[in-house]
Each structure stands twice: as C-alpha cells, then as structure tokens.
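One is the number of the first residue; the rest follow in order along the sequence.
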Amino acid sequence: MSGASGGVGTVAIALLAARGYRVTASTGRPENGDALRALGAADVIDRATIAEPGKPMQRAVWAGAVDSVGGATLANVLAATQYGGSVTACGLAQDTSLPTTVLPFILRGVSLLGIDSVAAPLDLRQRAWARLATDLDPALLRAATRTVGLAEAIEVGAEVVAGRVHGRTVVDVTR
C-alpha cells in the first residue's frame, strides 16, 4: 500500500487486513508506523525505498498493491509485482506520469486497474458503499478520521498538500 498514511491508504489497510491479507504499508512518515500497524499493517516501509526511479523488472515481492501515489512509486510497484498480480491506481500524490515499460505486463501478466468513483455507475458505487458498511470496522475508521469545521478547511487543506495529515479528514460544513 503506497501512500499508506493518507485517507485511501488507511482505509485500504484496514479492509485488506480484515480480509486476511498481509499488508505492507509504505509511508514517508515513520512516526505513523504504530497507527498503521493498529489498522492492520504487518510491515511498514519507508517510501524512499520505492519512490525513486528503478529498474523496469525487479524482484517479485508483491502479490498485489493499492497505489495512491503514481509516478516512480507506481512504476516500482508494478516492476516488483508477482506473476498474475493486480495493482490498483487511485491517486497521483507523487506524479501523474507512469515511467515504466510493458515488461511487467508481458513477462508477469501484471494487471493495472484504474479506480474511479466519480464516473462509476450508481449501482457500482452503491455496492461499494454497502461493502464498506459491512467490511470496514467503524472503530478503526473513527481512529483514522479527523473532523474539522468549514472555517478550518483552508488551513487543513494546506496541511494535506504538505503531507502532514494522517488518515482521513472530514469537513463538517455545519460547524
């Protein structure tokens, strides 16, 4: 899980760990390690180990991955995914580019799946929300969520962009 300290990452860790997957969380904030383990991460690695451009094919270590970062990180995750593995891409925190080759796709049959919730059909979104309602531990979600008022949104937005926020941030427009 790249971008593990963010909103997507924290939810993905909790969901995957609850389903019995061994989750490795990649983060640039080692101080979040205990919180990521509490969500279910078995291992926490420094994002620097996968954030720089790497070889187009690497030792196969990941069965699959959830990437919310993009760029060189996504390229490295693809290059290190095992035969037949799937990688989802749902963010671009590092970069919108994908500096890779077709080698992981051809030699290992790796699948890259784009995740979109904006244009997804309503029935698909409803099924996803229903699964979240049954599969996501509400206590874990509460622990990884910070609620702020509308007046704080601009200030908190700057913290998000600077990479200083852990977990999800909800803006309550009524306070």
Does any part of the side chain of Cys90, heavy atoms only, come nearer than 4.5 Å to the side chain of Val8, both counted from C-beta? yes

Quick one: does Thr27's side chain have a donor or acceptor within less than 3.5 Å of a partner on Arg29's backbone? yes

Applying side chain to side chain contact (heavy atoms under 4.5 Å, CB included) to Leu78 and Phe105, what does each step give before you reach the verdict? CA-CA 8 Å; Leu78 289 165; Phe105 308 108; 3.9 Å; yes

Would Leu16 and Val66 satisfy side chain to side chain contact (heavy atoms under 4.5 Å, CB included), going step by step from the backbone distance to the final call? CA-CA 10 Å; Leu16 291 168; Val66 175; 4.1 Å; yes

Assess whether atom CG of Leu122 is packed by more than 12 heavy atoms of other residues, nucleotides or ligands within 6.0 Å. yes

Cluster link Ile13 to Val11, ILVMFWY, side chain under 4.5 Å: no

Applying salt bridge (charged side-chain N to carboxylate O under 4.0 Å, His left out), which residue pairs with at least one partner in residues 156-175 are found, sequence neighbours left out? Arg146-Glu159, Glu152-Arg175

Heavy-atom closest contact (Ala17 atom, Val23 atom, distance): N-CG2, 3.8 Å

Between Ile50 and Asn76, what is the shortest heavy-atom contact and its length? O-ND2, 2.7 Å

Gap separating the CG atom of Leu15 from the CG atom of Asp135, nearest 0.5 angstrom: 6.5 Å

So if you build clusters from Ile, Leu, Val, Met, Phe, Trp, Tyr with side-chain heavy-atom gaps below 4.5 Å, do Leu36 and Trp62 land together? no

Where do Pro104 and Pro56 come nearest, in terms of heavy atoms and distance? CG-O, 3.7 Å

Glu155 CD: over 12 foreign heavy atoms closer than 6.0 Å: no

State, yes or no, whether a side-chain contact exists between Leu74 and Leu92 at a heavy-atom distance under 4.5 Å. no

Under the side chain to side chain contact (heavy atoms under 4.5 Å, CB included) criterion, do Val61 and Gln82 qualify, and how do the steps go? CA-CA 6 Å; Val61 293; Gln82 298 170 1; 5.6 Å; no

Is it the case that one hydrophobic cluster holds both Leu136 and Trp129, taking links as side-chain heavy atoms less than 4.5 Å apart, direct or via other members? yes

Where Glu52 and Ala72 come nearest, the two heavy atoms and their spacing: C-CB, 3.9 Å

With a 4.5 Å cut-off on side-chain heavy atoms, are Val44 and Thr24 touching? no

Do Val173 and Val148 land in one hydrophobic cluster if side-chain heavy atoms of ILVMFWY residues count as linked below 4.5 Å? yes

Beyond-backbone contact of Thr174 with Leu150, side-chain heavy atoms, under 4.5 angstrom: no

With rounding to the nearest 0.5 angstrom, report the CE to OG1 distance, Met1 to Thr10. 8.5 Å

Gap between atom CZ of Arg47 and atom OG1 of Thr73 - 0.5 Å precision: 8.5 Å

Do Thr81 and Arg108 come within less than 4.5 Å of each other through their side chains, counting heavy atoms only? no

With Arg22 via salt bridge (Lys or Arg N to Asp or Glu O under 4.0 Å) - residues at least two apart: Asp43

When rounded to the nearest 0.5 Å, the distance separating CG of Asp46 from OG of Ser26 is 7.5 Å

Search all heavy atoms of Val69 against all heavy atoms of Gly3 and return the closest pair with its distance. CG2-N, 3.5 Å

Mind listing the closest non-hydrogen atom pair of Ala35 and His166 along with its distance? CB-NE2, 3.6 Å

Between Ser2 and Asp67, is there a side-chain donor-acceptor contact under 3.5 Å, judged purely by atom types and distance? yes

Return the CG to CG distance between Leu132 and Leu141, rounded to the nearest 0.5 Å. 8.5 Å

Would a hydrophobic clustering, with Ile, Leu, Val, Met, Phe, Trp and Tyr connected at side-chain separations under 4.5 Å, put Ile115 with Val87? no

